[in-house]
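Being a predicted model, the structure only gives us computed values, none of them experimental.
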Amino acid sequence: MQRGIKMGYLTAKQFSSIWGITERRIIKLCNEGRISGAIKDGMVWEIPEETLKPSDKRSNIYKYINTEKRIMVVNIKDEIRDYLLELINKEGYIAEFAELNSVKDNLKDMHKYYEGLIYFCDNNIDKKEERFIINFSSKLHSESSIVIVDYNKSRRNEIERKLADKLKEEIGLKINTLVLDIPKDKDVLINYTEIAEDIIELLLKFKNTTGIAITTDGGKIEFNKNGRTNNLEIGKFYKVINNYFKKLNKESYLWCASTMLEDEWTESPQEMKFRVLNLEVANRGVNVERIFIISKDKIKEFKQNKTLKIYMQSNIRTLFVDYDEISKKQPKLLEIVNNGWDGIDQATLIVDLPEGAKQRGYISKNTKEVMEAYNCFQELKKYSKNLKEVLK
């Protein structure tokens with residue numbers, strides 16, 4: 001015998017005649033959690049009697065009301081794409097990428113709505129780009145935001161200023177500019193994470209500001225004619241490492257050697273973060289090999305070292321080379337290792353400076369220097385043993 005329905009509730013069968021859909025369909029909606037307040041009592045679904053009929057996902061009205069949080073990104077540069085995509089997704093938005101020529105004439109056929117637009121331009125905005133931005137604003141609302149990323153000019157042109165005034169007045173949305181002070185005629189290292197962060201700040205965090213232009217150099221670091229940077233301070237040095245390590249993939253080869261025993265085992269936040277980066281890289285499938293050059297008579301000191309234990313349990317190939325043996329047989333190798341370095345493929349060398357130096361290290365793309373270190377590493381491997389076996 002069926003139990004009585006609670007006061008203020010109706011059955012799926014009763015709602016079937018109210019909503020004009022089958023009882024089976026209503027039960028399915030209950031099982032999917034799409035009917036607010038519905039509860040199951042035994043085999044019977046009980047639904048609050050004032051419940052409104054849920055929207056049909058198949059209907060155009062459902063698609064209209066339940067628009068996803070989308071950001072359109074136009075003419076993005078390849079070098080920054082992954083960094084920006086990661087941050088957009090982290091903020092809970094969906095990123096759609098397009099080239100201007102492929103999207104500017106198809107706006108009328110686009111039935112999606114957007115929370116924002118990020119537009120990359122090589123030169124000052126021309127009339128064609130102005131029209132596109134104005135037309136695209138029909139896909140936005142008063143809480144939306146547009147960010148123009150200008151690669152060339154240190155100041156915005158009149159069209160950008162006019163757009164800011166026009167769109168604020170007509171729609172109420174915000175439009176701001178990020179100007180990149182990055183020379184195209186010099187060999188520079190750019191921290192694209194910083195640029196991506198600035199774009200997201202302008203897009204999502206500046207809630208009541210429009211018409212402003214912010215200039216950034218992207219943390220640029222210049223290489224001299226010999227392919228080396230200046231010696232870098234601690235903060236810049238670790239940011240560069242982070243930037244390089246983020247780009248590594250399963251095709252990459254990270255090879256590292258060190259004799260800086262004191263620095264290897266410090267518990268400073270920077271060094272701890274660096275160790276985490278190593279583990280993350282190895283977990284992504286990057287081929288990572290690390291050689292620790294230690295005097296054999298000091299091995300006992302490191303048997304209980306937490307960092308070594310973590311490294312040895314990871315996907316990092318951790319190797320031991322006896323400092324004293326190399327000192328006797330091939331001392332030149334120790335000169336090349338010097339204070340230690342991290343090599344990336346056969347293209348980049350991240351070099352440590354001596355402990356106590358005001359700066360932390362430098363970056364080299366000098367082919368001769370990189371290959372000397374690479375060949376040194378391969379020679380050291382001939383003397384190496386698995387560190388895990390040595391520390392047993």
Going by salt bridge (Lys or Arg N to Asp or Glu O under 4.0 Å), name the residues that satisfy it together with [X], two or more places apart in sequence or in a different chain.
| X | value |
| --- | --- |
| E129 | none |
| K236 | none |
| D345 | none |
| E389 | K392 |

Going by the rule side chain to side chain donor-acceptor pair (under 3.5 Å), which residues pair with [X] if we only count those two or more places apart in sequence or in a different chain?
| X | answer |
| --- | --- |
| E325 | K329 |
| K28 | E32 |
| K13 | none |
| N315 | N283 |

Requested in this report: Kindly state whether the ring of F136 and the ring of Y119 have centres lying under 6.0 angstrom apart.
Outcome: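 They do not qualify: ring centres at least 6.0 Å apart.
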Query raised in the report: Do Y238 and R360 meet the criterion of a side-chain donor-acceptor pair at a distance under 3.5 Å?
Result: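 There is such a pair between these side chains.
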Requested in this report: Could you name each residue pair satisfying ring pair (Phe, Tyr, Trp, His ring centres under 6.0 Å) that touches residues 332-351, not counting sequence neighbours?
Outcome: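 Sorted pair list: W255-W341.
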N/O donor to acceptor pairs below 3.5 angstrom from side-chain atoms of residues 369-380, sequence neighbours left out:
residue, atom, partner, partner atom, Å
E369, OE1, S364, OG, 2.7
E369, OE2, Y362, OH, 2.5
N375, ND2, M371, O, 3.1
Q378, NE2, Y253, OH, 3.4
E379, OE1, K382, NZ, 3.1
E379, OE2, Q330, NE2, 3.1

Report task. Could I get the full list of side chain to side chain contact (heavy atoms under 4.5 Å, CB included) partners for T318, not counting sequence neighbours? Result ->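 Checked T318 against side chain to side chain contact (heavy atoms under 4.5 Å, CB included); matches are F292, Y311, M312, I316, L387.
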Query raised in the report: Mind checking what makes side chain to side chain contact (heavy atoms under 4.5 Å, CB included) contact with D78, not counting sequence neighbours?
Result: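 Partners of D78 by the side chain to side chain contact (heavy atoms under 4.5 Å, CB included) criterion come out as none, since no residue qualifies.
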